[in-house]
2 protein chains.
Amino acid sequence: MWELHGSACCYNRAIGRNQCRDSGPRWMKDQRQVTRALAGNPLIPKPLRDQIVEIAQTHGYVVNQSARSLRLRKTDTIGVIIPLGHETGQLISDPFFLEMIGRLADEITRRNYAVLLHKVVVTETGWLERIIQAHRADGLLLIGQSNQHDVLNAVAQTYKPLVVWGAQLPGQTYCAVGSDNVAGGRLAVAHLVQAGRRKIAFLGATHAPEAAQRFEGYRQGLAEAGLAFDPALVVAAHYTMDEAREAIADFIATGADFDAVFAFSDVIALAAIAALTEAGRSVPRDVAVVGFDDIVLARHSAPPLTTVRQDLEFAARKMVDRLFARMAGEPAESALSPVELIVRGSSV
Amino acid sequence: MWELHGSACCYNRAIGRNQCRDSGPRWMKDQRQVTRALAGNPLIPKPLRDQIVEIAQTHGYVVNQSARSLRLRKTDTIGVIIPLGHETGQLISDPFFLEMIGRLADEITRRNYAVLLHKVVVTETGWLERIIQAHRADGLLLIGQSNQHDVLNAVAQTYKPLVVWGAQLPGQTYCAVGSDNVAGGRLAVAHLVQAGRRKIAFLGATHAPEAAQRFEGYRQGLAEAGLAFDPALVVAAHYTMDEAREAIADFIATGADFDAVFAFSDVIALAAIAALTEAGRSVPRDVAVVGFDDIVLARHSAPPLTTVRQDLEFAARKMVDRLFARMAGEPAESALSPVELIVRGSSV
DNA sequence: GTGAAAGCGCTAACAC
DNA sequence: GTGTTAGCGCTTTCAC
């Protein structure tokens with residue numbers, strides 16, 4: 001009864017106006033039934049549903065997502081935006097981002113949504129508005145707020161389904177999920193102090209939101225240990241290994257007096273270890289090193305890297321949860337993802 | 001003249017049947033003009049075109065991609081598929097993939113196409129057919145052929161816009177772009193032999209297509225150097241660092257006699273260095289190590305890693321070129337991407 | 001050049 | 001239940 005029953009593509013028009021172009025599934029008796037059956041609608045009795053699904057399968061029928069999206073005004077797609085500022089290098093080289101993207105993709109896929117990847121140069125004004133209005137995604141995840149705090153605040157007024165990975169900042173109206181960077185910085189410093197270090201350098205950017213928070217944690221940690229903050233021990237390095245390595249090599253060359261390094265990320269911590277080793281300083285004997293992220297390689301470096309671990313599984317789940325809540329029109333607050341100190345050979 | 005001229009969304013219907021829902025751009029006089037202007041159609045004189053574009057911008061008008069896709073039967077989207085077999089771990093941890101995805105995204109974005117990311121468990125039959133038929137993308141890139149050679153051959157009969165990153169295999173009808181893995185294996189072994197090594201172990205998988213080719217290169221390299229192939233020097237390890245580290249540690253524990261390791265990837269080469277160091281073997285003095293990929297970290301490990309470099313920029317460009325050719329209905333052959341030996345401290 | 005309409009494939013709504 | 005229709009927003013075609 002349910003096989004090749006005539007009628008086609010636009011079942012309705014086909015019958016009514018004889019305008020069928022033969023481009024659609026020819027086996028449908030009633031397209032509504034098919035729609036419902038494939039959607040698992042309980043209005044259709046289970047056995048019939050299964051039968052329809054099976055026939056659809058043998059005919060290789062899959063709903064056309066463009067048409068569905070147009071009709072339903074939803075795309076079943078989440079846009080994941082990777083902002084590129086001038087710091088382009090970071091994303092290419094930092095394993096942290098792959099893991100983040102991978103975990104987000106897992107969470108999104110689990111909900112039967114697709115992932116649309118945007119690499120965006122955020123220096124072009126209107127970048128976010130353009131993405132939003134193209135209606136290619138039902139919601140957006142932004143990995144890192146870069147220096148776009150104001151843009152995000154402005155957009156958040158009218159566009160709700162947006163969640164940002166990054167720091168929570170004063171006066172922030174958009175939803176952000178991020179690690180507890182300040183706590184992470186304090187943990188790292190407290191650990192180094194406890195290991196007997198007194199002259200602890202900070203290696204990394206200090207102005208980007210996340211970096212600023214880790215830097216703040218570093219300063220708080222020093223204060224709590226009764227150590228004075230010394231600006232001479234702050235080494236500016238951005239995100240790439242090459243840059244960080246050069247920066248720390250220059251720092252060593254100045255003859256600076258330091259016995260520990262707290263680095264903004266594992267990647268630049270590993271670069272620091274390379275530079276220190278090259279300069280004949282032993283890690284951890286001469287200089288202890290602590291990183292941030294706990295990338296896979298941290299455990300296998302020589303020496304293994306002590307680091308502040310970010311729980312990306314938790315973070316990705318949180319971000320996607322928040323996003324779907326917002327897509328459903330529910331409120332969703334910003335959230336902090338916990339961090340944890342992982343002590344390995346580079347610091348003790 | 002071109003400002004808020006009345007009529008709206010469905011300009012045609014709006015006028016004809018007075019059914020406008022006021023949901024579209026209200027400022028359009030003639031939607032066709034807008035369509036053409038935004039597409040940069042030279043039919044419209046340049047000054048008028050610019051004016052229209054500007055007005056559209058001030059009104060925040062962006063074409064709805066779902067509607068456009070439905071009408072044009074194209075999505076301006078490329079699907080990038082990351083296959084997950086049982087070797088799920090590889091993609092999460094291997095920086096090689098991030099760089100690959102990043103470079104592909106760059107190439108695709110440069111052509112004004114969007115990137116749709118699919119993480120797929122390839123053990124479910126019909127995974128590729130389902131992706132193809134959902135019509136969400138105009139073309140597909142598959143990163144790694146996994147063990148799906150037969151599926152790909154079958155699909156390639158009817159679906160043309162598909163390019164695979166991976167090995168070229170006998171009887172292959174789909175388009176593949178991949179590094180010259182055999183040459184890479186030979187280069188690595190020749191280098192180790194020249195450095196005086198004679199008992200060279202192979203660390204990695206030997207059955208997956210790319211791995212098999214690197215393994216073949218290893219065997220050819222041994223033969224060319226007049227060295228006998230010794231199955232006892234083949235250490236099975238898949239893609240994760242943990243696994244590789246355990247495998248090489250076990251291998252060392254057996255008391256095997258070897259003075260060099262050629263590893264399938266940089267990631268497992270780094271794991272091997274970690275295991276060797278832990279076991280008290282010096283790299284490169286006791287054991288020389290050569291990897292494959294030249295990930296960013298290879299240059300900064302201790303010791304820096306000698307490796308067979310894959311040119312991902314070239315590879316990504318090649319893949320996307322081939323794909324667009326196929327999307328345009330032109331034939332596009334498989335291609336080989338060159339490799340290069342980068343000698344660093346781990347082998348000399 | 002300008003106005004009118006068709007129709008991409010789908011789903012929801014409405015009438016019977 | 002079943003049949004019919006509208007219409008999502010866009011682009012192209014056809015007629016004037």
Side-chain angles (χ1 to χ4, degrees), chain A residues 1-2 5-45 48-49 52 56 59-76 133-136 138, chain B residues 1-2 5-45 48-49 52 56 59-76 133-136 138:
Chain A
M1 175 187 181
W2 258 93
H5 238 278
S7 93
C9 54
C10 321
Y11 180 74
N12 39 2
R13 293 197 193 93
I15 301 295
R17 312 196 210 153
N18 196 26
Q19 280 172 342
C20 176
R21 298 278 199 86
D22 282 358
S23 65
R26 307 190 52 76
W27 46 274
M28 292 185 192
K29 186 174 138 212
D30 179 353
Q31 183 161 356
R32 280 174 317 166
Q33 297 272 45
V34 179
T35 294
R36 291 202 187 116
L38 291 178
N41 190 322
L43 268 177
I44 315 266
L48 178 55
R49 224 157 65 207
I52 297 176
H59 287 263
Y61 174 80
V62 177
V63 294
N64 178 315
Q65 293 298 328
S66 299
R68 186 172 201 276
S69 298
L70 180 59
R71 185 73 238 282
L72 260 35
R73 307 168 136 273
K74 67 200 272 293
T75 57
D76 288 344
Q133 296 187 2
H135 286 300
R136 293 186 100 135
D138 299 335
Chain B
M1 174 187 182
W2 257 93
H5 239 279
S7 97
C9 53
C10 322
Y11 180 74
N12 39 2
R13 294 197 193 94
I15 301 296
R17 313 195 208 154
N18 197 27
Q19 279 172 343
C20 176
R21 297 278 200 86
D22 282 356
S23 65
R26 308 190 51 77
W27 47 274
M28 292 186 191
K29 186 176 137 209
D30 180 353
Q31 182 158 0
R32 279 174 317 167
Q33 298 273 44
V34 179
T35 294
R36 291 203 187 113
L38 291 178
N41 190 322
L43 268 177
I44 314 265
L48 179 54
R49 223 156 67 205
I52 297 177
H59 287 264
Y61 174 80
V62 176
V63 295
N64 179 315
Q65 292 299 327
S66 300
R68 184 170 203 277
S69 298
L70 180 59
R71 185 74 235 282
L72 259 38
R73 305 165 139 276
K74 67 200 271 294
T75 57
D76 288 344
Q133 297 188 359
H135 287 301
R136 293 187 99 136
D138 299 336

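Below, chain A is the first sequence line, B the second, and so on; all start at residue 1. Only a predicted model underlies this, so the values are computations on that prediction, with no experimental measurement involved.
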Output for pair (A:Q65 CD, B:T75 OG1), nearest 0.5 Å, gives 11.5 Å
Just verifying a value: how many Å separate B:R68 CZ and A:H135 NE2, rounded to the nearest 0.5 Å? 15.0 Å
What heavy-atom pair brings A:D138 and A:D76 nearest, and what distance separates the two atoms? OD2-N, 2.8 Å
Between B:L70 and A:S66 the two heavy atoms that sit nearest each other are N-CB, 3.9 Å
Please check the phosphate of C:dG7 (OP1 and OP2 only) for any side-chain N or O of B:R73 closer than 4.0 Å. no
Is B:R68 near enough to D:dG9 that one of its side-chain N or O atoms lies under 4.0 angstrom from OP1 or OP2? no
Nucleotide [N], atom [atom2] - distance to [atom1] of [X] in whole Å:
{"X": "A:D76", "N": "C:dG9", "atom1": "CG", "atom2": "P", "result": "19 Å"}
{"X": "B:L72", "N": "D:dT13", "atom1": "CG", "atom2": "P", "result": "11 Å"}
{"X": "A:L70", "N": "C:dC10", "atom1": "CG", "atom2": "C1'", "result": "8 Å"}
{"X": "A:R136", "N": "D:dC8", "atom1": "CZ", "atom2": "P", "result": "21 Å"}

Rounded to 10°, the helix from C:dG1-D:dC16 to C:dC16-D:dG1 deviates from straight, judged by its five-pair end axes, by 50°
Would you indicate which nucleotide in D:dC10, C:dA12, C:dG9 comes nearest to any side-chain atom of A:N64? C:dG9
Against the side chain of A:R71, the closest entry in D:dT12, C:dC10, D:dG9 is C:dC10
Considering residues at least two apart in sequence or located in another chain, which fulfil the side chain to side chain donor-acceptor pair (under 3.5 Å) criterion with B:N64? none
